Amino acid sequence: MSFLEINNLKVHFPIRGGFFNTIQDYTYAVDGVSFEIEEGLTYGLIGESGSGKSTIGKAVVGLEKLTDGEILYDDKLVNTKRLKKKVGYNKDVQMIFQDVLSSLDPRKRVRDIIGEPIRNFDNLSKEEEVEKILKLLKIVGLPEDALYRYPHEFSGGQRQRIGVARAVSVNPRLIIADEPVSALDLSVQAQVLNFMKSIQKDFGLSYLFISHDLGVVKYMCDYIYIMHRGRFVEAGTREDIYKNPKHIYTKRLVAAIPEINAENREEVRENRLKVEKEFDERESLFYDENGKVFDLVQISDTHYVATKNKEEL
């Protein structure tokens, strides 16, 4: 049963110009996407830079204004700040940012960084607040003396753990993670991802995991949405997307996953060339004459593809 429902979400940014700086056109960053979030599951938003995936995350958490569409939380409309506050949405939906260093105030110690949302949403004494922060530091694997240190005194992986601790400090239902490990070394990425999985069980979290890395998403996510040109081109389970991709853009992304086995490199290269040829030859099946993505159609119980004719897939 879903607790968060996004219907026909649109975020359009005006393009201004001319002598009076008037609106000349719009950038359709997100142009009509719908999806649902269920308890305890991880959903992936995948796409190249500029596809609109990060804009969706910011719109859902309230950092981008909607052009159109609706957000339903426990079947209640939460399109405005007032409505979100009324139903506790601002507390229950938190975000982890890609550039974690810029999201942590360099003038504040960890105690104040993690404690800020606690003070905003929980009625705790100073002693209770410190006790809660110390428990969070233990959960994320940081020492107690981190309480009085500043963000620049930590490594990238440690700062990401601080960001996670801040996000879970008010016991949210959903965390939107926007490229949470893209700036980290591979070994540190694995540590942070495993840590995020472990606390998901402990806190009963749902994740909306935004990334351009299909390898990371394959490891983390139960259900995946592929984005291109501001719309969903394909949606399905992990198995649907990786074992049976249907959209030409999804096939291109899957083919681009790095191959570390030297014996398969020639096979991988030939497959990528085949996918690029298919993209050119079959583009009209997946995009209209203006290059817009068609609407999603259902091809199985869990699998959806944006196409004008599913019989030709």
Side-chain angles (χ1 to χ4, degrees), residues 40-49 53-54 57-58 61 63 93-118 129-172 174-222 224 238 257-258 260:
L41 297 180
T42 300
Y43 298 81
L45 283 182
I46 309 302
E48 61 195 7
S49 296
K53 58 188 187 300
S54 291
K58 291 176 182 177
V61 83
L63 296 178
V93 180
Q94 297 293 315
M95 190 162 190
I96 301 170
F97 296 91
Q98 176 181 4
D99 185 358
V100 68
L101 183 58
S102 67
S103 71
L104 303 177
D105 191 333
R107 301 165 298 178
K108 291 184 177 180
R109 292 182 172 91
V110 168
R111 170 184 173 172
D112 295 316
I113 290 171
I114 300 177
E116 183 177 9
I118 296 173
E129 180 186 314
V130 171
E131 183 180 351
K132 184 171 185 177
I133 295 170
L134 287 173
K135 286 181 179 178
L136 288 166
L137 289 176
K138 184 177 181 180
I139 289 170
V140 301
L142 292 175
E144 289 189 2
D145 65 2
L147 200 67
Y148 301 103
R149 291 159 62 187
Y150 292 93
H152 72 271
E153 299 179 64
F154 298 90
S155 68
Q158 289 174 322
R159 285 194 291 265
Q160 198 59 278
R161 288 171 182 259
I162 294 170
V164 173
R166 179 176 61 181
V168 302
S169 64
V170 290
N171 300 314
L174 171 66
I175 289 181
I176 299 172
D178 187 5
E179 301 274 11
V181 296
S182 62
L184 304 177
D185 294 338
L186 289 177
S187 60
V188 181
Q189 281 188 16
Q191 294 174 17
V192 173
L193 293 175
N194 287 331
F195 162 67
M196 289 180 69
K197 275 196 165 189
S198 69
I199 66 165
Q200 182 175 30
K201 295 179 181 179
D202 296 337
F203 286 83
L205 293 169
S206 298
Y207 286 126
L208 182 60
F209 198 93
I210 301 168
S211 180
H212 65 278
D213 188 331
L214 266 77
V216 169
V217 170
K218 183 179 181 181
Y219 178 70
M220 286 295 295
C221 299
D222 303 295
I224 298 167
R238 218 172 9 219
I257 297 174
I260 60 174

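Quick note: residue numbers are just sequence positions, from 1. A quick note: this is a predicted structure, and the numbers were derived from the prediction, not measured.
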Next on the checklist: Once salt bridge (Lys or Arg N to Asp or Glu O under 4.0 Å) is applied, do any residues pair with Lys132, and if so which ones, sequence neighbours excluded?
Outcome noted: Asp122
Next on the checklist: Any non-hydrogen side-chain atom of Asp178 less than 4.5 Å from a side-chain atom of Phe97?
Outcome noted: no
Next on the checklist: Please evaluate residues Arg238 and Ile224 with respect to the criterion side-chain contact (heavy atoms from CB on, under 4.5 Å), reporting the C-alpha separation (whole Å), side-chain torsions for both, the decisive distance (0.1 Å), and the verdict.
Outcome noted: CA-CA 7 Å; Arg238 218 172 9 219; Ile224 298 167; 4.3 Å; yes
Item to check | Lys218 NZ to Ser211 OG distance, which is reported to the nearest 0.5 Å | outcome: 14.5 Å
Item to check | Value rounded to 0.5 Å, distance of NZ in Lys53 from NE2 in His212 | outcome: 7.5 Å
Next on the checklist: To the nearest 0.5 Å, what is the distance between CG on Leu136 and CD1 on Ile118?
Outcome noted: 6.0 Å
Checklist entry - Does a side-chain heavy-atom distance below 4.5 Å link Asp213 with Tyr219? => result no
Item to check | Closest heavy-atom pair and its distance - Pro172, Leu205 | outcome: O-CD2, 3.3 Å
Next on the checklist: Can you confirm whether Gln160 sits close enough to Phe195 that some side-chain heavy atom of one is under 4.5 Å from a side-chain heavy atom of the other?
Outcome noted: no
Checklist entry - Distance-only, no hydrogens or angles: does the Arg111 side chain make a donor-acceptor pair with backbone N or O of Val130 under 3.5 Å? => result no
Next on the checklist: Suppose the criterion is side-chain hydrogen bond (donor to acceptor under 3.5 Å, both in side chains): which pairs have a residue in residues 196-207, not counting sequence neighbours?
Outcome noted: Thr42-Gln200
Checklist entry - Which heavy atom of Pro151 sits nearest a heavy atom of Leu104, and at what distance? => result CG-CB, 3.9 Å
Item to check | For Gly57 against Met95, the heavy-atom pair lying closest together | outcome: C-CE, 4.3 Å
Checklist entry - Atom CD1 in Ile175, atom CZ in Phe203: separation rounded to 0.5 Å? => result 8.5 Å
Checklist entry - Just wondering, do Val140 and Ile162 contact through their side chains at under 4.5 Å, heavy atoms? => result no
Checklist outcome for this item: Correct closest heavy-atom pair for Val181 and Val192 would be CG1-CG1, 3.7 Å
Next on the checklist: For Leu134, is there any backbone N or O sitting under 3.5 Å from a side-chain donor or acceptor partner on Glu144?
Outcome noted: no
Checklist entry - Closest heavy-atom contact between Val110 and Ala146? => result CB-O, 3.1 Å
Checklist entry - What's the spacing between Glu179 CD and Ile210 CD1 if we round to 0.5 Å? => result 8.0 Å
Checklist entry - Going from NZ on Lys58 to CD1 on Ile176, what distance comes out if it is rounded to the nearest 0.5 angstrom? => result 11.5 Å
Checklist entry - With a 4.5 Å limit on heavy-atom distance, are the side chains of Pro117 and Arg166 in contact? => result yes
Item to check | Counterpart residues, salt bridge (Lys or Arg N to Asp or Glu O under 4.0 Å), relative to Glu48 (two or more places apart) | outcome: none
Next on the checklist: Ignoring hydrogens, what is the shortest heavy-atom contact between Tyr150 and Pro106? Give both atom names and the distance.
Outcome noted: CD2-O, 3.4 Å
Item to check | Audit row: Val168, Ile139, side-chain contact (heavy atoms from CB on, under 4.5 Å) steps and yes/no | outcome: CA-CA 10 Å; Val168 302; Ile139 289 170; over 6 Å; no
